[in-house]
> 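Shown below is the structure under consideration.
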Amino acid sequence: MNTGRRITALRAEMEKAGVEAMLVASGVNRRYLSGFTGTSGALLFTPGGQYLLTDFRYMTQAPAQAPDYRVVEHAPEMMDTVKELLAEAGVKRLGFEERHVSYADWASWSKKLAPVELVPLDGLPEKLRVRKDEDEIAVIRQAAKLADAAYAHILHFARPGVTELDLAAELEAFMRKNGASGPTFDTIVASGERSALPHGVAGTRKLQPGEFVTFDFGALYQGYCSDLTRTIVVGEPTDRHREIYGIVLEAQEHALANIRPGMTGREADALTRDVIARYGYGEFFGHGTGHGIGLEIHEAPRLSRHSDAVLEPGMVVTVEPGIYIPGFGGVRIEDDVVITESGIEVLTSSPKAFFATG
Ligand code: ZN
Ligand code: ZN
């Protein structure tokens, strides 16, 4: 992993923000900038170098994973060590991740580190994470492949009488056996009327013949997320099932064919929304078209009516329109795509043609 490039980019942003030092304590950002996967510690950037402060449990793992950092076993109170290093470097202003530090921590750090001024930094280092590098895209591609394999596997189990929880457990076990460290979120298996709930986490309901079942899940692989949704009918479908499914599929494919760099999140969202609205189902599509994925399952940019974000090469986003009819059921189809110089590359490849178990 090339953390050197990430460190250089962070330092450039720190300079723009007018801070000569920064403390990064949140797990995902710590991992992104250093490669260190331990669950405790912090990164400290000073004008003279960068430090990974952690405890004795990680004194073998940390230097191996984070060769660009000086690994320091911190004092029982980590802030005592931070204070020492800042004093050595003559630092007066210390940036911190404003979205990840609790009020209690901020208060105690301010007191401990005075007279060093704590400077809240918004969106740092998250803004560096928005465009993925080749290493990251390669890992997300693997995470997407794992989700595809899990979907192919679960189709053998989807039949009337099986519970949603059985299917969720089977999906998650399959992903783990094939290299995932876990699911990226609580697996959604939503059947019948429950498929009209966009976030219908699997429950004890048994699948009935003649209804939709939506699977929405992802594999966490080497720290990165995939996110896949497919909807099928168990048993015999009706014309209504076919009609609604066909509209969502048309909307999703229309977006995949037209999303390109330079577009805003709002324009990308309109690609699916306009198709669904044209068929009169606009009011049944209540969420955004997609979201960024990476180390976290929901990242920037958003593809939604409220998003001014401009799509750039290297961003990885989901495209997931849906139609949800209360009391009947719903359909959502979701793929993961990377924005390229000229358009997109679709990372997930599970079949999307209308499918009923019969
Ligand atoms: Zn999803
Ligand atoms: Zn999603």
Side-chain angles (χ1 to χ4, degrees), residues 28 129-130 132 137 140-155 158 164 167-168 171-172 174-175 180 182-191 194-203 212-221 224-232 245 248-249 251-253 255-256 259 265 268-269 271-273 276 285-307 309 311 315-324 329-339 344-352:
V28 165
R129 289 173 32 204
V130 178
K132 275 67 183 176
I137 291 168
I140 298 172
R141 191 177 278 122
Q142 289 304 115
K145 281 207 166 84
L146 264 172
D148 281 331
Y151 178 66
H153 175 75
I154 207 63
L155 288 181
E164 296 170 353
L167 294 170
L171 271 171
E172 293 182 8
F174 180 92
M175 292 191 292
T184 46
F185 52 88
D186 282 346
T187 293
I188 292 172
V189 179
S191 62
R194 295 191 72 253
S195 61
L197 308 171
H199 269 206
V201 168
F212 280 131
V213 186
T214 295
F215 301 94
D216 183 356
F217 60 97
L220 185 64
Y221 180 71
Y224 284 81
C225 300
S226 59
D227 190 2
L228 176 72
T229 306
R230 289 293 184 266
T231 303
I232 63 169
Y245 190 91
V248 175
L249 182 59
Q252 207 253 2
E253 291 189 326
L256 294 184
I259 291 177
D269 177 77
L271 292 172
T272 64
R273 197 166 302 285
I276 289 172
F285 175 25
H287 58 75
T289 290
H291 53 87
I293 56 171
L295 287 164
E296 292 176 285
I297 186 63
H298 290 115
E299 298 191 353
R302 302 274 165 173
L303 310 187
S304 86
R305 280 172 287 191
H306 314 291
S307 172
L311 300 183
M315 291 178 171
V316 181
V317 298
T318 68
V319 178
E320 50 177 309
I323 292 177
Y324 311 92
V331 173
R332 180 169 61 261
I333 302 171
E334 174 179 35
D335 284 310
D336 302 339
V337 311
V338 52
I339 310 292
I344 60 166
E345 176 196 341
V346 185
L347 301 177
T348 39
S349 60
S350 291
K352 291 188 268 199

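The figures here come from the full heavy-atom set of this structure, side chains too, leaving out hydrogens, waters and symmetry mates. In listed order, ligands and their atoms are each counted from 1.
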> For a distance under 2.8 Å, tell me if E334 has an N/O/S atom near the Zn ion (ligand 2).
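Looking at E334, which is the residue asked about, there is an N, O or S atom under 2.8 Å from the Zn ion (ligand 2).
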> Taking the six-membered ring for Trp, are F217 and Y151 parallel (under 30°), tilted (30 to 60°) or perpendicular (over 60°)?
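Geometry flag for Y151 against F217: parallel rings.
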> What is the name of the N/O/S atom of D216 that is nearest to the Zn ion (ligand 1)?
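Minimum-distance N/O/S atom of D216 relative to the Zn ion (ligand 1) is OD1.
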> For the Zn ion (ligand 2), find the closest N/O/S atom on E320 and give its atom name.
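Atom name returned: OE2.
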> Can D148 and S349 be counted as having a side-chain donor-acceptor contact under 3.5 angstrom?
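Short answer, yes.
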> Quick one: does P301's side chain get under 4.5 Å of V317's, heavy atoms only?
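Heavy-atom side-chain distance check passes, below 4.5 Å.
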> Nearest to the Zn ion (ligand 2), which N, O or S atom of D227 do we find?
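This turns out to be OD2.
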> Quick check: closest heavy atoms across C225 and E296, and the distance to 0.1 Å?
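Heavy atoms of C225 and E296 come nearest at SG-C, 3.7 Å.
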> Restricting to N/O/S atoms, is H298 within less than 2.8 Å of the Zn ion (ligand 2) or not?
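No, since none of the N, O or S atoms of H298 sits under 2.8 Å from the Zn ion (ligand 2).
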> Quick one: does R230's side chain get under 4.5 Å of D335's, heavy atoms only?
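Yes; the side chains approach each other to less than 4.5 Å.
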